[in-house]
S.K.: 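My questions will all concern the structure given below.
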2 protein chains.
Amino acid sequence: MRHPAEDDVGKPLEARIRARNKAKILKAAVQLFAAKGFDGARLGEIAEQCELPRANLYYYFSSKEGIYTALIEQVIAGWDRAFEHIRADRDPREAIEAYVRAKLEYSRTHPVESRFFASEILRGAKFLMRRHRRHMREVTDSRADVVREWIRRGRLAPVDPHHFFILLWSATQFYADYGILASGIIGKSRLTRQDFANAAATISGMVLDGCCTANSPAIVEEQPNRLGSHDFPSTAN
Amino acid sequence: MRHPAEDDVGKPLEARIRARNKAKILKAAVQLFAAKGFDGARLGEIAEQCELPRANLYYYFSSKEGIYTALIEQVIAGWDRAFEHIRADRDPREAIEAYVRAKLEYSRTHPVESRFFASEILRGAKFLMRRHRRHMREVTDSRADVVREWIRRGRLAPVDPHHFFILLWSATQFYADYGILASGIIGKSRLTRQDFANAAATISGMVLDGCCTANSPAIVEEQPNRLGSHDFPSTAN
DNA sequence: ATGGAATTTGACATATATGTCAGTTTCTTG
DNA sequence: CAAGAAACTGACATATATGTCAAATTCCAT
């Protein structure tokens with residue numbers, strides 16, 4: 001049999017090599033698909049990177065598209081996880097902070113998967129099937145209900161739940177997808193753990209409390225805590 | 001001569017066909033590069049789309065990379081424009097609202113260019129040369145100084161200027177780059193002008209005033225000016 | 001109209017992609 | 001250890017990519 005059961009669950013004994021090699025292939029593939037997209041990535045490169053002969057990939061996956069869609073399935077599972085922080089029985093402030101932190105942590109620790117997914121969307125989500133989109137919408141909708149509940153109870157200002165999530169999602173996503181740009185803007189060659197912490201603080205702080213001081217431009221003087229540690233070398237020009 | 005002067009400024013008479021065809025090529029190219037990336041896009045497709053024989057593209061551009069970098073130059077010019085709203089002599093609230101609106105308007109009217117640029121960053125900015133990055137950083141830095149000035153004058157809460165801009169940039173960018181996802185989340189097949197208006201309102205509203213009601217979950221009523229405290233969660237440590 | 005410049009074009013050289021397959025090697029188990 | 005299943009592999013068929021070039025055609029100032 002050329003393509004024995006795509007599912008190797010339930011056969012824990014015989015499927016050792018299989019599981020290991022499929023994982024190796026997917027790991028190499030997600031990097032190249034993230035970097036070059038579906039059309040740009042070459043199976044030859046993927047094979048080279050995971051040190052398997054190219055023909056061998058076809059023993060585990062039926063085609064290039066097969067590898068790609070397997071990755072989508074895998075990555076989409078991560079979509080929901082951070083959302084679990086958004087629960088009606090939690091304090092909105094705490095929940096939102098936790099969500100931002102979780103999302104940024106994912107961006108920090110899984111930048112490749114994050115970029116792979118972004119790349120798929122960017123190109124028109126040709127391989128993201130209807131059931132995936134429906135799933136994502138359902139997940140978002142259920143969390144939107146939580147936001148509405150918070151608003152109803154007067155715990156949150158009356159924001160549009162969907163645009164609210166888009167704001168959070170995009171801001172956190174940025175640090176993975178455009179990490180190169182973000183580090184360039186901040187003036188470093190790579191984003192540090194501290195940068196991600198600053199990002200979390202800025203996003204949470206701004207979304208929760210806004211950035212506007214009293215409309216009266218009165219005296220401020222004392223700036224007890226203007227993030228003194230973040231004196232970026234921006235004036236260097 | 002095979003590639004007569006890449007610059008056709010200064011010769012307004014002779015360069016009519018040249019200008020028209022170069023524009024046609026770039027217009028087709030930006031779409032395909034946005035959809036498939038540098039490696040994935042095929043010159044044959046570009047030629048087909050702009051109804052020119054493929055060999056003819058080589059009369060106007062020296063190579064595939066030549067077309068790509070020409071596009072980068074063209075798109076990067078748009079990067080600065082929205083930033084011009086951020087001026088120290090303006091009211092921060094007005095300026096930020098104007099910036100968000102301008103940026104979203106660009107996303108709405110130039111989604112393809114926006115995605116093309118995002119795609120280039122996503123792939124590691126291989127063609128975004130050092131001088132481009134320096135330029136972008138300088139532009140951001142000069143606007144960061146405006147934010148610092150606003151903070152100094154007590155017109156703005158003490159936010160980190162760079163992360164602040166990243167928040168605004170990513171949120172607005174989202175509606176172009178991930179338009180497919182955004183419309184799916186909102187539950188429409190396409191984003192309308194009204195959706196963009198809602199997005200602008202949500203982003204501006206949240207960034208300026210936050211979404212948290214008084215910490216006391218009780219009475220909401222009059223909220224002349226909440227956000228007395230900018231206690232940014234000190235995840236930074 | 002005419003001659004030289006600008007533009008267009010089909011065919012070609014070279015390289016490399018995906019996917020197939022028969023045959024070989026390695027593993028596993030009775 | 002023997003035999004069948006699983007895993008591997010080099011070679012091949014087919015398709016298509018980029019870039020080149022000489023020759024044909026069109027444009028335009030004189």
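All chains are named by letter (A, B, ...) in the order of the sequence lines, taking the proteins before the strands, and each is independently numbered beginning at 1.
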S.K.: For B:Arg42 and B:Leu32: C-alpha separation, side-chain torsions, deciding distance, then whether side-chain contact (heavy atoms from CB on, under 4.5 Å) applies.
M.R.: CA-CA 8 Å; B:Arg42 308 294 172 199; B:Leu32 279 156; over 6 Å; no
S.K.: Identify the heavy atoms of B:Phe117 and B:Met136 that sit nearest to each other, and give their distance.
M.R.: CZ-CE, 3.8 Å
S.K.: Let's see if you can work this out: which of D:dA7, D:dG19, C:dG19 has an atom nearest to the side-chain heavy atoms of A:Tyr58?
M.R.: C:dG19
S.K.: Just compare D:dA7, D:dG19, C:dT18 and give me whichever is closest to any side-chain atom of A:Lys64.
M.R.: C:dT18
S.K.: Using whole Å, what does the distance between atom P of nucleotide D:dA11 and atom CG of A:Asn56 come to?
M.R.: 16 Å
S.K.: Just how far, in rounded Å, is C1' of C:dT7 from CD of B:Glu51?
M.R.: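 One finds 18 Å between C1' of C:dT7 and CD of B:Glu51, rounded.
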S.K.: Can you measure B:Leu43 atom CG to C:dT16 atom P for me and round it to whole angstrom units?
M.R.: 17 Å
S.K.: Atom CD1 of A:Ile180 and atom CD1 of B:Ile121: how far apart are they, to the nearest 0.5 Å?
M.R.: 7.5 Å
S.K.: I need the CD-C1' distance between B:Glu45 and D:dA17, as an integer number of Å.
M.R.: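 The answer, rounded to whole Å, is 11 Å.
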S.K.: At under 4.0 Å, does any side-chain N or O of A:Asn21 touch on OP1 or OP2 of D:dC8?
M.R.: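 Checking A:Asn21 against D:dC8: at least one side-chain N or O falls below 4.0 Å of OP1 or OP2.
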S.K.: I need the NZ-C1' distance between B:Lys36 and C:dA17, as an integer number of Å.
M.R.: 14 Å
S.K.: Could you walk me through whether B:Phe116 and B:Tyr68 pass the side-chain contact (heavy atoms from CB on, under 4.5 Å) test, one step at a time?
M.R.: CA-CA 10 Å; B:Phe116 164 82; B:Tyr68 195 83; 3.4 Å; yes
S.K.: Picking from C:dA17, D:dA7, D:dG19, which would you name as closest to the side chain of A:Arg42?
M.R.: C:dA17
S.K.: Whole Å only: how far is the CZ atom of B:Arg18 from the P atom of D:dC28?
M.R.: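 Rounded to the whole Å, the gap is 14 Å.
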S.K.: Can we call the ring centroids of A:Tyr175 and A:Tyr106 under 6.0 Å apart?
M.R.: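 Ring-ring flag for A:Tyr175/A:Tyr106: false, centres at least 6.0 Å apart.
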S.K.: What is the distance, rounded to the nearest whole Å, between atom CZ of A:Phe33 and atom C1' of C:dA17?
M.R.: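 These atoms are roughly 13 Å apart.
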S.K.: Nearest to the side chain of B:Tyr60, which nucleotide is it out of C:dG19, C:dT8, D:dC8?
M.R.: C:dT8
S.K.: From D:dC12, D:dT9, C:dA11, pick the nucleotide closest to the side chain of B:Ala55?
M.R.: C:dA11
S.K.: Could you check whether the side chain of A:Arg54 and the base of D:dG10 have a donor-acceptor pair of N or O atoms closer than 3.5 Å, going by distance alone?
M.R.: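 Per atom types, no contact qualifies.
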S.K.: Categorize B:Ala41 for me: base, sugar-phosphate, or nothing, with a 4.0 angstrom heavy-atom threshold over every strand shown.
M.R.: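 The residue B:Ala41 makes sugar-phosphate contact but no base contact.
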S.K.: Could you state the CG-C1' distance from A:Leu57 to C:dG19, rounded to the nearest angstrom?
M.R.: 11 Å
S.K.: Compare the minimum distances between each of C:dA6, D:dA17, D:dC8 and the side chain of B:Tyr59, then state the nucleotide with the smallest one.
M.R.: C:dA6
